[in-house]
Amino acid sequence: MWTIGLYILVAVLVIFISQYWRNNARYSNGVVLPPGSMGLPFIGETLHLIFPSYSLDLHPFIKKRIQRYGPIFRTNLAGRPVVISVDPEFNNYVFAEEGRTVELYYMDTFSNIFKHEGESRTNAHGSLHKYIRGIFLTHFGAQSLKNKLIPLIEQFVDTNLRAWSNQSSIEVKHEASAMVLNFCAKQIFGHDPEKSSEDLSEMYSRILDGLMSFPLNIPGTAYHRCSKSHEKATNMLRNMLKDKVNNSAEQKSGGDLVDQMIRDMDKEKYLSEELVVQMLYSALFATFESVSAVIALAFQLLSDHPSVLQELTAEQDAVFRRKKDPNSPLTWDDYKSMTFTLQVINETLRLGNVAPGLLRKVLKDIEVKGKGFTIPAGWTIMVVTSALQMNPDTYKNPLEFNPWRWKEMDSDVISKNFSPFGGGTRQCAGAEFSRAFMCIFFHVLLTKYRWTKIKGATISRNPILGFGKGIHIRFAQQYVN
Ligand code: HEM
């Protein structure tokens, strides 16, 4: 009996090993591949990457492989051949190649949720990308901040902080996500959470949970809930767009981002209603997770570093005292004078590394200069810019939270070694807005409220930054005589 068992075991092993070799041969297609391992059949090395690490450092999956294979290595994630690069020169090359040999891509789980195929694909390069980028910069860029957004952000943050201070404590990451999403949704399509029957923030929260789960679409799974919320959110956006299209005939200028898109639909033929819906859906996602993660991490770091909090508070008090009228709104010049606050934000962005890998799909074989290997068409490249942000040659004691380090740093060194908002033509269109939002948030918080940490978070990376059971903070209004 045991010999039959042994035969079965050997047969399974032979199938397993031959499949493994076939996999690697299939991947290479006659070219020399970057060094690395494709891991196990089907799952590749996925489990190593999503295994949480409890440090702000670069994920051990990437760190170990850099030591073993160098700055560009191959792997298999979720059944897809992937090349991971921490090589700054090659990363810049990849950014510059957008639309030629590579294009924006988010793994299969993401691609099903963010439309990356067909006519309403949102990752297209060329005039559509230019248009989407332009309209975002018009509504969220420096000029818009100067002309109207700064006092609106100040008021919105104050309203949220007042509501938070009416509760015994709040989980800051969750509430900050809703705050930023609701503010941006208001600018994008006039969303009013008080009047809406749908909780946009809850929908995006479920979508995010599902994206980080196994893509098994059966009732009860996180992925199923994510798909349902995706459907709900896109339906809500479709209905909103239909209402606006029906009511916007007489509006010739002004309004929100969607009003402008509706006016542009006549001259920009690629702007179908479905594309606008998919674009809005992805844009809201960009606003949901990013700023809130940095704000949440800042609370954790500030509560552990009282000297930083002290200098930050002093700077915000000085900004407040410089105002001629204490009730006058903040201005662009006030925001630009918050030097130390911006250093705290840079340091939190550096350590938080909230976009740990930017993905591109290879459209044509790429021969990597001076390395003797080729990345075949169809593969995915994961550009990891954050390795530079942990380089001890540039950032002494890189794991230390030290905002003062930015005082002495040369702008040229910063531009080459700090890119939390990505690079090239796809660099974040919300970067200035995000910095301004966070500065204004800390201004309102530190000049009008007090806060106490009730319970800190267990910070993790999988490789996305995680906050375990959250950061629980009690807020209270300051009463000034
Ligand atoms: C701390 C906050 C944020 C971080 C760290 C961040 C990071 C990034 C990164 C790394 C990219 C490039 C993605 C790639 O190359 O694959 C990106 C793109 C983008 N982000 Fe952000 N983002 C933040 C906040 C925001 C906000 C608040 C908005 C909207 C108001 C926004 C809008 C966009 C848009 C529209 C793009 C696409 C740009 C293009 O394709 O030309 N981001 N962001």
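Values below: every heavy atom of this structure, side chains too, minus hydrogens, waters and symmetry copies. Numbering of ligands and ligand atoms starts at 1, following listing order.
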| task | Considering the heavy atoms of T425, write down every atom of ligand 1 situated less than 4.0 Å from one of them. | result | 41 (O)

| said: Does this structure show an ion pair linking R435 with E432, if we count only N-O contacts that are shorter than 4.0 Å? | reply: no

| request: Go through the side-chain N and O atoms of T341 and E315 and say whether any donor and acceptor fall under 3.5 Å apart. | output: yes

| message | Under 4.0 Å from a heavy atom of L104: which atoms of ligand 1 are those, numbered in the order shown and with their elements? | response | 16 (O)

| request: Using a 4.0 Å heavy-atom cut-off, say whether R426 meets ligand 1 through its side chain, its backbone, both or neither. | output: both

| query | Using heavy atoms and a threshold below 4.0 Å, how should the contact between F95 and ligand 1 be classified: side chain, backbone, both, or neither? | reply | neither

| query | Can we say R360 and E98 salt-bridge, meaning some charged N sits less than 4.0 Å from an Asp/Glu carboxylate O? | reply | yes

| task | Walk me through it: do D266 and R263 pass the test salt bridge (Lys or Arg N to Asp or Glu O under 4.0 Å)? | result | CA-CA 7 Å; D266 288 338; R263 286 196 297 274; over 6 Å; no

| query | Atoms of ligand 1 less than 4.0 Å from H129 heavy atoms? | reply | 39 (C), 40 (O), 41 (O)

| Under 3.5 Å, is there a donor-acceptor pair between the D334 and S337 side chains? | no

| Student check: side-chain heavy atoms of W404 and E311 closer than 4.5 Å | yes

| field | NZ (K453) with more than 12 external heavy atoms under 6.0 Å | value | yes

| remark: Contact region, F136 to ligand 1, non-hydrogen atoms below 4.0 Å, reads side chain

| query | Who's closest to atom 7 (C) of ligand 1 heavy-atom-wise, of A429, P420, S290, G422? | reply | P420

| Numbering as shown, the atoms of ligand 1 that approach S434 to under 4.0 Å (heavy-atom distance) | 2 (C), 23 (C), 24 (C), 25 (C), 26 (C), 27 (C)

| query | Looking just at side-chain N and O atoms, do E274 and Q278 make a donor-acceptor pair shorter than 3.5 Å? | reply | yes

| query | In ligand 1, which numbered atoms sit nearer than 4.0 Å to a non-hydrogen atom of V354? | reply | 5 (C)

| request: Run down the list G141, C428, S282, S419 and name the one with the heavy atom closest to atom 21 (Fe) of ligand 1. | output: C428

| said: Is Q187 close enough to touch ligand 1? Criterion: a residue heavy atom under 4.0 Å from a ligand atom. | reply: no

| field | Exceeds 12 heavy-atom contacts within 6.0 angstrom, atom NZ of K336 | value | yes

| request: Just jot down the ligand 1 atoms closer than 4.0 angstrom to any heavy atom of T287, in number order. | output: 29 (C), 30 (C)

| For Q427, atoms of ligand 1 separated by under 4.0 Å from a heavy atom | 38 (C)

| In ligand 1, which numbered atoms sit nearer than 4.0 Å to a non-hydrogen atom of V294? | 1 (C)

